[in-house]
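Everything numeric here is computed off the predicted structure, so don't read it as measured data. Counting starts at 1 for both ligands and their atoms, following the listed order.
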Amino acid sequence: MTEKSYPELFSQVEENYKVICDNIAKAAIKSGRTKDDITFLAATKTVDTEVINHAISLGLDHIGENRVQELLDKYERYDLTNCDLQFIGRLQTNKVKYIIDKVSQIQSCDKISQLAEISKQAKKHDKIMDVLIEVNVGREENKGGVDPDALYEFIDEARTFEGIHVNGLMAIPPICDDDKQLMKYFSEMNQFFVDIKAKNMDNVNMLCLSMGMSSDYALAIECGATMVRVGSSLFGNRIYK
Ligand SMILES: *Cc1c(COP(=O)(O)O)cnc(C)c1O
């Protein structure tokens, strides 16, 4: 793919943004909700801040990065006046300190050691960090996320850390182009979300169910997602430099 000029990219992003907002609204209705019940977070890896800021000017108000170094490189240039920045990638324990004061939520927590470090750094900054527990819903080997069978126990421990608030769940289901199978994963996630919510555990509020990406965000919403993370449908195919 050749690189596009900014004006060209901007109008493409504008068009895509409208389409996605529209699809989100329709899927929300299908699930008995409205667009205001769904958070549209743009996954901004590899995207220039000029383009990200253009999307923000259109009304986008949540972005997520998934590499610490990239987030730090771009941090001063994001226009975050009306936009919230989250971390959505794999987070090594030794890098928590670099982002603790820069993001509102860390979406991919799946290890107690990682939560211990987030807790330590959050306390240092006198802040409560929202975290989502990532669930390995497809029970895939060599994939991040807590095993579904260990989820309750994990959350019961996660919620005890000072400086941490368990705000929900996130998942990246196995790559698959069968909608029925995908719906099974998304529905399973929704069931965990509902079940955990019903337990009314202290320091756990199931407010955010983050699932669904460019190819399947509408389906995810129909199955209960409260947040979708969309990258390439908004910004075009990624160009890795
Ligand atoms: C890149 C990324 C997305 C978005 O992927 P697209 O398929 O481009 O929409 C969502 N979630 C995470 C964690 C990502 O890293």
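- Contact annotation for Ala43 and ligand 1: only side-chain heavy atoms (C-beta onward) come within less than 4.0 Å of the ligand.
- Residue, atom and distance of the protein heavy atom nearest to atom 13 (C) of ligand 1 are Ile88 O, 3.4 Å.
- Taking the charged nitrogens against the carboxylate oxygens, Asp22 and Lys26 do have a contact shorter than 4.0 Å, which makes a salt bridge.
- Under a 4.0 angstrom heavy-atom cut-off, Arg238 registers as being in contact with ligand 1.
- Taking a cutoff of 4.0 Å between a charged side-chain nitrogen and a carboxylate oxygen, Lys111 and Glu117 do not qualify as a salt bridge.
- You'll find the side chain of Leu115 reaches within 4.5 Å of the side chain of Phe154, heavy atoms only.
- With a heavy-atom cut-off of 4.0 Å, Asn66 touches ligand 1 through its side chain alone.
- Heavy-atom proximity to Val230, at under 4.0 Å, picks out these atoms of ligand 1: 9 (O).
- Nearest to atom 2 (C) of ligand 1 by heavy-atom distance, out of Lys45, Arg229, Glu134, Met213, is Lys45.
- Any N or O atom pair closer than 3.5 Å counts here, and Ile172 shares no such pair with ligand 1.
- Within ligand 1, the atoms closer than 4.0 Å to a non-hydrogen atom of Ser214 are 6 (P), 7 (O), 8 (O), 9 (O), numbered from 1 in the order shown.
- Salt-bridge check for Arg77 with Asp48: failed, with every basic side-chain N at 4.0 Å or more from each acidic carboxylate O.
- The two residues Gly231 and Ser214 come nearest to each other via the heavy atoms N-OG, 3.6 Å.
- Hydrophobic clustering (ILVMFWY, side-chain heavy atoms < 4.5 Å, transitive): Leu41 and Leu71 are in distinct clusters.
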